[in-house]
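Okay, structure first, notes after.
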Amino acid sequence: MNDPRREITVAVAGQPNSGKSTIFNMLTGARQHVANYPGVTIEKRSGKYSYKGDTVILVDLPGTYSLTSYSQEERIATDFLLYEKPAVVLDIIDASNLERNLYLTFQLQEMGMPLIIALNMMDVAEARGLRIDTQKLSELLKVPVIVTVGNKGKGKEELKTAIINARRNTENNNFRIDYGEKLEPILSLLEKRLSEDLKISLSYPVRWLAVKLMENDSVARRLVEKAFSK
Amino acid sequence: MTLDEIKLGEECRIVRQNLGGATGQRLMDMGFIPGTKVKVVRNAPLIDPVDLLIRGYHVSLRHHEARGVEVERT
Ligand SMILES: Nc1nc2c(ncn2[C@@H]2O[C@H](COP(=O)(O)OP(=O)(O)O)[C@@H](O)[C@H]2O)c(=O)[nH]1
Ligand SMILES: [Mg+2]
C-alpha cells in the first residue's frame with residue numbers, strides 16, 4: 001500500500017523513576033510543549049519528532065504505580081488512554097525493579113493498549129547481577145521489548161523503529177491474566193453482561209472494565225451506572 | 001502483630017493489610033500482599049518514616065500506616 005505521511009500519537013507510561021522523562025527527552029529532544037491536563041494542575045508534556053516520513057507525537061503520562069481511580073494522576077492517565085486512544089503506548093520499565101513495574105504493564109495490557117516495552121535501567125539491573133531474558137519476556141507478554149539505558153541514549157534508534165512498526169501492527173495481542181478458578185467465573189459473568197450493552201462494549205475494553213468493577217473502582221462503577229441508567 | 005512493631009534489621013512476612021482507600025491501594029500496587037517478605041531497615045519510635053525493603057526495593061511508611069499491616073515473624 002502507498003502509505004501517505006502520517007501522524008501518530010504515542011503515550012509514554014511508566015512508574016515513577018522508571019526513567020520516563022529521560023526516554024521522552026531522548027526521543028523528542030528539544031521539541032517539547034508543556035501544558036496542563038484539562039481542568040487540573042498536572043503538567044502535560046508533549047513533544048514530537050519525525051522518523052522515516054512519519055510524525056510521532058509523544059505524550060508523557062503522569063508517572064503512576066497503577067491505574068486505579070484513587071489519585072488524580074492515575075485518573076488522568078487512565079482517561080487519556082481510554083478517550084484519546086493513542087496508537088501506541090510506550091511502557092517504560094525499570095529493569096532493576098521488574099516485578100513491581102510489570103504490575104502497571106499488566107494493567108495497560110488489560111486495557112487492550114498496543115504496547116511497546118522499553119526495558120530501561122538495564123545498566124542498573126546488570127550491576128546488581130540481574131540477567132533478564134528479554135526475548136522470553138517479549139514472547140510471554142506478546143509485545144516488543146527494547147533494552148534501553150536512557151541517560152546514555154542507548155536504544156534510541158531501536159525504540160523509534162519499534163514505534164513505527166507497532167502502529168502498523170493493529171491486531172490485538174490477546175494477552176490475558178488468569179485470575180484463577182474463584183474469580184474467573186465472576187469475571188466471565190460480568191464480561192457477558194457488559195458485552196450485551198453496545199455502548200459499553202464499543203467504548204471500553206470489557207475485560208478491563210469487569211476487573212475494575214470487581215475492584216469496586218469508582219470510575220468504572222460510574223461508567224457502568226451511567227450506561228445502564230439510560 | 002503489626003509491621004510497626006518489627007525492629008530494625010528484622011524480617012517478617014505479611015499476613016494481611018487493613019489499610020483501605022488510597023493508601024491500601026498504593027501498598028497493594030507496591031506488592032504488599034499476603035506471604036510477601038519485608039525487612040525493616042529503619043524504625044525509630046515516634047520518628048517517621050519506617051523504612052522497608054520489599055521485593056528488592058525500598059518503601060517508606062508512616063508509623064500509623066505500618067500499624068495497618070499485619071505480619072508474622074519469619
Ligand atoms: N543508570 C541509569 N539511570 C537512568 C536511566 N534512565 C534514567 N536514569 C536516571 O534516573 C533518574 C530518574 O529518571 P527520570 O527520567 O526523571 O524518571 P521518571 O520519574 O520516570 O520521569 C534520573 O536521574 C535519570 O538520569 C538508565 O537507563 N540508567
Ligand atoms: Mg518524570
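Chain A is the first sequence line, chain B the second, and so forth, proteins listed ahead of strands; every chain is numbered from 1.
From B:Ile54, atom CD1 reaches atom CD of A:Glu99 across 9.0 Å, with rounding to the nearest 0.5 Å. The line from OH of A:Tyr103 to CE of B:Met30 is 12.0 Å long, rounded to the nearest 0.5 Å. Here the straight-line distance linking atom OH of B:Tyr57 with atom CG of A:Asn17 works out to 13.0 Å at 0.5 Å rounding.
Here the closest heavy-atom approach between residue A:Ser66 and residue B:Gln25 is recorded as OG-NE2, 4.0 Å.
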>> The test is side chain to side chain contact (heavy atoms under 4.5 Å, CB included); show your working for B:Asp29 and A:Glu74 and say whether it passes.
In response: CA-CA 12 Å; B:Asp29 298 345; A:Glu74 294 183 23; 4.2 Å; yes
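Counting non-hydrogen atoms of neighbouring residues, nucleotides and ligands closer than 6.0 angstrom, the NZ atom of B:Lys39 reaches no more than 12 such neighbours. Other residues, nucleotides and ligands contribute at most 12 non-hydrogen atoms within 6.0 Å of the NZ atom of B:Lys37. When the shell of 6.0 Å around CD of A:Glu181 is examined, it contains 12 or fewer heavy atoms from other residues, nucleotides or ligands. Other residues, nucleotides and ligands contribute at most 12 non-hydrogen atoms within 6.0 Å of the CD atom of A:Gln135.
The side-chain tip of B:Arg26 does not point at the ring of A:Tyr65 from less than 6.0 angstrom away and within 45° of straight on.
Residues B:Arg55 and A:Arg100 form no side-chain contact, since every pair of their non-hydrogen atoms from C-beta on lies 4.5 Å or further apart.
Only the side chain of A:Thr68 comes within contact range of chain B, with at least one heavy atom under 4.5 Å from a heavy atom of that chain. Neither the backbone nor the side chain of A:Glu215 comes within less than 4.5 Å of any heavy atom of chain B.
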